[in-house]
4 protein chains.
Amino acid sequence: MPTRTGPEGMHQGRTGRPRSPEADAAILAATRQALVELGWSKLTMGDVAARAGVAKTTLYRRWPSRNELVVDAVAVLFDELRLPDLGSLPADVESVVRQFGALLERPEAKTALMAVIAEATRDDALRRRIRTAIVDRQKHLVVAGRERAQERGEIPPPPDPAAAARDTDLIFDVVAGAVVHRTLVSAEPVDGDWARRLTQLVLTGLTAQRAPAGAAATARPTAPAPAQGPQEPRAADAGS
Amino acid sequence: MPTRTGPEGMHQGRTGRPRSPEADAAILAATRQALVELGWSKLTMGDVAARAGVAKTTLYRRWPSRNELVVDAVAVLFDELRLPDLGSLPADVESVVRQFGALLERPEAKTALMAVIAEATRDDALRRRIRTAIVDRQKHLVVAGRERAQERGEIPPPPDPAAAARDTDLIFDVVAGAVVHRTLVSAEPVDGDWARRLTQLVLTGLTAQRAPAGAAATARPTAPAPAQGPQEPRAADAGS
Amino acid sequence: MPTRTGPEGMHQGRTGRPRSPEADAAILAATRQALVELGWSKLTMGDVAARAGVAKTTLYRRWPSRNELVVDAVAVLFDELRLPDLGSLPADVESVVRQFGALLERPEAKTALMAVIAEATRDDALRRRIRTAIVDRQKHLVVAGRERAQERGEIPPPPDPAAAARDTDLIFDVVAGAVVHRTLVSAEPVDGDWARRLTQLVLTGLTAQRAPAGAAATARPTAPAPAQGPQEPRAADAGS
Amino acid sequence: MPTRTGPEGMHQGRTGRPRSPEADAAILAATRQALVELGWSKLTMGDVAARAGVAKTTLYRRWPSRNELVVDAVAVLFDELRLPDLGSLPADVESVVRQFGALLERPEAKTALMAVIAEATRDDALRRRIRTAIVDRQKHLVVAGRERAQERGEIPPPPDPAAAARDTDLIFDVVAGAVVHRTLVSAEPVDGDWARRLTQLVLTGLTAQRAPAGAAATARPTAPAPAQGPQEPRAADAGS
DNA sequence: GCGTAAGCGAGACGGTACGTCAGGTCTTTTG
DNA sequence: CAAAAGACCTGACGTACCGTCTCGCTTACGC
C-alpha cells in the first residue's frame with residue numbers, strides 16, 4: 001500500500017490539543033452509512049457530523065469539502081481487493097473481476113464512485129485524490145497479475161517497457177470499465193458466467209494480439225493498407 | 001431513432017393554452033451551455049431558466065427535477081453517433097469507438113453522463129429515463145454492426161438468439177465501459193492507436209471465444225488459438 | 001339603499017355575450033366562504049375561482065383585485081343592519097349596537113373588515129370603495145336615528161347644521177369604534193349588559209355636553225351636571 | 001413597562017455563539033422603515049433582511065413569521081404614550097387621546113396595527129402577542145388615570161372592584177376604539193377640538209352614569225321599566 | 001338565420017416571494 | 001488550545017400565487 005491517504009495529509013504542529021483519532025474513524029464510518037441511506041446528492045456535512053457525534057467544524061478542519069471526504073471514506077473499500085494465487089492467470093483475473101463486481105454492488109461504493117468521478121471532471125485536485133486513493137490501488141492489481149503470470153510462464157516477458165505500460169493501461173480500462181458499465185449502466189449483476197466470459201475475451205484478445213507473428217490474423221499497422229478507403233473521413237465524420 | 005424523448009412524456013389534454021415548443025428547445029440548449037460553463041454541481045435551475053429566458057416554473061412544469069432535465073439535454077448528443085459503412089467490421093467498430101471517445105471529450109457530455117448515472121443508482125425512474133434516452137441509442141449501434149457484419153460474412157450467424165443477446169451485452173459493456181473509463185477515470189484521450197488496439201482486442205477475443213475448439217471452458221491462453229484469422233487482412237493504420 | 005355596488009361599475013358595450021349573472025353571486029358567496037375557512041391572508045383568487053366553479057379570468061374581468069372583491073363580498077352583510085322603532089332613542093341605539101356586535105362576531109365580517117381597512121391606508125381607491133360600500137351604510141343609521149328622535153321630541157333640533165354634522169361624526173366614531181374595538185381587540189362579546197352601558201354612556205354624555213349651561217368648556221366632572229335628566233326614565237334591563 | 005417582549009421569549013442555552021443583539025435592533029428598525037415605505041402587503045421578509053444587513057434565516061430564527069415580527073416592531077411605538085399630570089382628569093385624558101391620535105397618524109403604526117389585528121382574528125397566539133405587546137400598554141394608562149383621579153378626589157372610589165374593572169374596559173374600548181375609527185375609517189385627523197369633545201363625552205357620560213342616585217337621570221336597571229316594549233325581539237332581530 | 005363580438009373554462013406563461021435547507025465561517029463556552 | 005455548540009451570511013431549493021396571455025369553445029345580439 002503506498003501513501004496512506006489520511007484526512008488532510010499535513011496539519012501537525014506539535015502544540016495544542018491533539019486531534020482525536022477516533023473522530024476520524026467515526027466520521028468516515030458515518031459518511032459511508034449516510035451514503036448508503038441517502039445517496040450522494042442527499043448526503044450533507046451536517047448530517048455526517050451528527051451521525052459521528054462530532055461538530056461540523058471538526059469535519060472542515062480535516063477535509064476541505066464533501067468530495068474529498070467521500071473519496072477517503074470510500075477508498076478503504078478498495079483496499080479489500082486482493083489478487084489471489086489460484087494457479088493460473090485466467091482464474092486469478094476472474095477472481096478479481098468478481099471481487100470488483102461484488103464491491104460495486106454495494107450501494108456506498110456504487111453511488112460514491114460515479115458521483116465523485118463526475119465531480120472530478122471539473123476539479124483537478126479531486127482527480128488527483130481519486131487517482132492516488134482509488135485508481136492506483138486497482139492498477140496495482142493488474143501489474144501484480146502480469147508479473148505473477150510471467151513468473152509462471154503463462155505470458156512472455158514484454159518486448160519493451162513502453163509496450164508493457166500500454167498493455168497495462170488497456171487491460172485496466174477494459175476490465176474496470178466493463179465491470180463498472182455492467183454494474184452501473186446496464187444494471188446487471190457480475191455473476192460467474194459473465195465474469196468468465198469477460199476474462200476469456202480479454203485474455204484471448206490480448207494473447208492473440210501479441211502473438212500474430214506472420215499469421216494473417218489481425219492488424220498489421222506497419223504495412224499500410226492497400227485500399228482501405230479514406231481514413232481521414234472517418235475522423236471527420238466522428239463529429240457529424 | 002425510435003421513441004422520441006420529449007420533456008414529460010404525457011401531459012396533454014386539448015384544452016388550455018398549449019405549451020410553447022420554443023421554450024423546450026431554449027431550455028435544453030441553455031442546460032447544455034450551463035453544463036459546459038459551470039459543471040454539474042454548480043448548475044442551478046434558476047440559472048438555466050435565466051439563460052433560456054424562461055421562468056423557473058416553466059422548467060418545473062416540464063421536468064420533475066434537474067436530473068431528468070440534464071438527461072434529456074444530453075441525450076441529443078448521442079444521436080450524433082453513426083455506424084458508418086467502411087467495408088469491414090474492424091473499421092466500422094473503430095470508427096464508433098473514436099466517435100464515442102470524441103463525444104466524451106466534450107465537457108457537457110462527460111460531466112453530465114457520470115453525474116446522472118450516479119444519481120440513477122438511487123432512482124429507478126431516472127435509470128429508466130437514461131436507458132431509453134441514452135443507452136438504447138448506443139446499443140442500437142452494436143446490434144446494427146453485428147447484422148451488417150453477418151451480411152458481409154465476416155462473422156457467422158449466431159447459433160441461437162440467447163447467445164447472440166449475451167454477446168451483444170458483453171460487447172456493449174466492454175466497449176462502452178472501456179471508452180468511458182479511459183476518458184473519465186484514466187483521463188487519457190481516445191486516439192487512433194488506442195481505438196485500434198481496443199477494437200482488435202475485442203474482435204479477436206470474441207472470435208476466438210466462439211471457436212474454442214475442444215479447449216477448456218476457461219481459455220488456455222498459453223496455447224494460442226489456432227486459426228483466428230478469418231477477419232481478413234485488414235491493414236488500416238489510419239490517422240493520427 | 002343607495003348606489004348599488006356592482007362588480008365593476010362600468011363595463012357595458014351592448015354587443016357580445018353578456019356576463020353571467022349567476023357567476024357574480026357564486027363568486028361573492030365563494031369569497032365569503034373562503035374568508036371564513038382560510039382567513040384574509042390565505043385567501044387566494046385561484047381558490048375563490050375554484051370554489052365558484054369559474055375561471056380565474058372571470059374574476060379578473062370583474063374585479064381589479066382581491067381587495068375590491070372582498071369589499072363587495074362583505075358589503076352585503078352590512079345591508080342587514082336595521083334601525084328598528086322601539087319607541088325610544090336608547091332602545092333603538094342599543095339595538096343597533098347589538099346588531100353590529102353580532103355582525104362582527106361572524107368570521108367573514110371580522111376578518112375582512114380589518115384587513116381591508118388596513119389595505120386602505122395605502123390605497124385611496126380602495127378607501128373610497130369601502131366608504132360607499134360599507135361605511136355609508138352604517139352612518140345612515142346614525143342620521144336616521146337622530147331624525148326619528150327629533151320627531152319624537154327626545155332631542156332638540158340642532159342649533160345649526162354644522163354642529164349636527166360634527167355630532168353625527170363623533171357619535172359614529174364612538175359607537176362603531178367601541179364595538180369594533182371590543183370585538184376585535186379586546187375580543188369580548190357585545191352582550192346585553194355591555195351594549196346598554198355603551199348606549200347610556202354615549203347618550204348621557206352627549207346630552208350633557210350639549211346642555212353645559214355656563215360650565216367650563218372642558219367638563220368639570222366633580223360637579224355633577226345639574227340637570228341632565230331629560231332622557232326620560234328608561235329602565236330597560238332587558239337583556240340576556 | 002413590565003414583561004419585555006423580546007423576539008422569541010425562550011431560546012437560550014449557554015453554549016454556542018450567542019445571538020447578536022444589534023441584529024434585533026436593526027431588524028426591528030428595518031421593519032418599521034419598510035412598513036412606512038411599502039405598506040403591510042408589500043413588506044417582505046427578504047426586503048427587511050436586506051435593509052437590516054442580515055440574512056433571511058436570522059429573521060426566521062427569531063420570529064416565526066411576518067406577523068409576530070411586525071407586532072414587535074410596532075410595539076415600541078406604544079411605549080411612547082405617557083400619562084402626563086396636567087392637574088385635572090379631563091386634561092390628562094385629552095392629552096392621551098391626542099397622543100394616541102398622533103401615533104395613529106404615523107403610517108407604520110396605522111398600517112401595521114389594523115393588518116395585524118386582522119390576522120389575529122384567525123390566530124390565537126398572535127392575538128396573545130398583540131395583547132401583551134400593545135394592548136396592555138394602553139390599558140395601563142386607563143388604570144393609572146383612574147388612580148390618579150381618585151387621589152385628586154375627582155372621582156369617587158369604586159363601589160366594588162368588579163364594577164371598576166367593567167368601567168375600565170368600557171372606557172378603554174370607547175376611547176381607543178373612537179380614536180382608531182376616526183383615524184383609520186373616517187380618515188379624519190384627531191385635532192384639539194375633536195379630542196376635547198370626545199373627552200367630555202366620555203367623562204360626563206361616565207360620571208352621570210354613576211351618579212344618578214335618586215335623580216331622574218339615567219337607567220335604573222333595578223326598577224323594571226313600565227312599558228318599554230318588547231325586549232326580547234330586540235335580541236332576536238339583531239340577527240335578522 | 002347568421003355573423004360577430006364578447007364571455008367563458010382551461011391552463012401555460014414570466015414573475016415574485018415564500019419558508020427551508022445546506023454550505024462554510026465565525027464566535028462563544030467547556031474540557 | 002481543540003472541540004462542541006450554535007449563530008451567522010450566502011445562495012439555491014421547490015412551491016404557491018400573482019396577473020396576463022393564448023387557446024378552442026359557447027352564447028346572445030343585431031343586422
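We name chains A, B, ... by the order of the sequence lines, and we start the count at 1 in each one.
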Would you say [X] and [Y] make side-chain contact, with heavy atoms under 4.5 Å?
{"X": "C:Val71", "Y": "C:Trp63", "value": "no"}
{"X": "B:Ile27", "Y": "B:Val54", "value": "yes"}
{"X": "B:Arg66", "Y": "B:Leu59", "value": "no"}
{"X": "D:Thr58", "Y": "D:Arg19", "value": "no"}

Find the distance [X]:[atom1] to [N]:[atom2] and express it as a whole number of Å.
{"X": "C:Trp63", "N": "F:dG19", "atom1": "CH2", "atom2": "P", "result": "15 Å"}
{"X": "B:Arg51", "N": "E:dG14", "atom1": "CZ", "atom2": "C1'", "result": "19 Å"}
{"X": "C:Leu69", "N": "F:dG19", "atom1": "CG", "atom2": "P", "result": "11 Å"}
{"X": "B:Leu59", "N": "E:dA12", "atom1": "CG", "atom2": "P", "result": "15 Å"}
{"X": "B:Arg19", "N": "E:dA10", "atom1": "CZ", "atom2": "P", "result": "17 Å"}

Which residues pass the side-chain hydrogen bond (donor to acceptor under 3.5 Å, both in side chains) test with [X], sequence neighbours left out?
{"X": "C:Ser65", "answer": "C:Glu68"}
{"X": "D:Ser41", "answer": "C:Glu119"}
{"X": "A:Glu37", "answer": "A:Gln33, A:Arg51"}
{"X": "C:Thr31", "answer": "none"}

Short N/O separations, protein against nucleotides 15-22 of chain E, under 3.5 angstrom:
residue, atom, partner, partner atom, Å
E:dG15, O6, B:Thr57, OG1, 3.4
E:dC18, OP1, D:Met45, N, 2.9
E:dC18, OP2, D:Met45, N, 3.3
E:dC18, OP2, D:Gly46, N, 3.3
E:dG19, OP2, D:Tyr60, OH, 2.5
E:dG19, O5', D:Tyr60, OH, 3.4
E:dG19, N7, D:Lys56, NZ, 3.0
E:dG19, O6, D:Lys56, NZ, 2.9

Test of understanding: with side chain to side chain contact (heavy atoms under 4.5 Å, CB included), list the residues that count as partners of B:Thr57, not counting sequence neighbours.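 Side chain to side chain contact (heavy atoms under 4.5 Å, CB included) list for B:Thr57, sorted by chain: B:Ala55, B:Arg61.
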Could you list the residues that satisfy side chain to side chain contact (heavy atoms under 4.5 Å, CB included) with C:Ala125, not counting sequence neighbours?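 C:Ala125 satisfies side chain to side chain contact (heavy atoms under 4.5 Å, CB included) with C:Asp123, C:Arg128 once adjacent residues are dropped.
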Donor-acceptor pairs under 3.5 Å, side chain of residues 107-115 of chain B to any protein atom, not counting sequence neighbours: which ones?
residue, atom, partner, partner atom, Å
B:Glu108, OE2, B:Arg106, NH2, 3.3
B:Thr111, OG1, A:Thr121, OG1, 3.2
B:Thr111, OG1, B:Pro107, O, 3.0

Using a 4.0 Å cut-off on heavy atoms, which residues in residues 113-127 of chain B reach DNA chain F? List them by number, or say none.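 The stretch gives none, as no residue of it lies under 4.0 Å from the strand.
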Going by heavy atoms closer than 4.0 Å, what residues in residues 32-41 of chain A are next to DNA chain E?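 Output list: empty, so none.
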Quick one, give me the B/S/- string for nucleotides 23-31 of chain F, reading 5' to 3', where B means a protein heavy atom under 4.0 Å from the base and S means that only happens at the primed atoms, P, OP1 or OP2. ---BBS-S-
State which residue, out of A:Leu126, A:Val48, A:Leu35, fulfils the side-chain contact (heavy atoms from CB on, under 4.5 Å) condition with A:Val70.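 Of the listed options, the one satisfying the test is A:Leu35.
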What pairs with B:Arg127 under salt bridge (charged side-chain N to carboxylate O under 4.0 Å, His left out), at least two apart in sequence or on another chain?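 For B:Arg127, the residues satisfying salt bridge (charged side-chain N to carboxylate O under 4.0 Å, His left out) (neighbours in sequence not counted) are B:Asp124.
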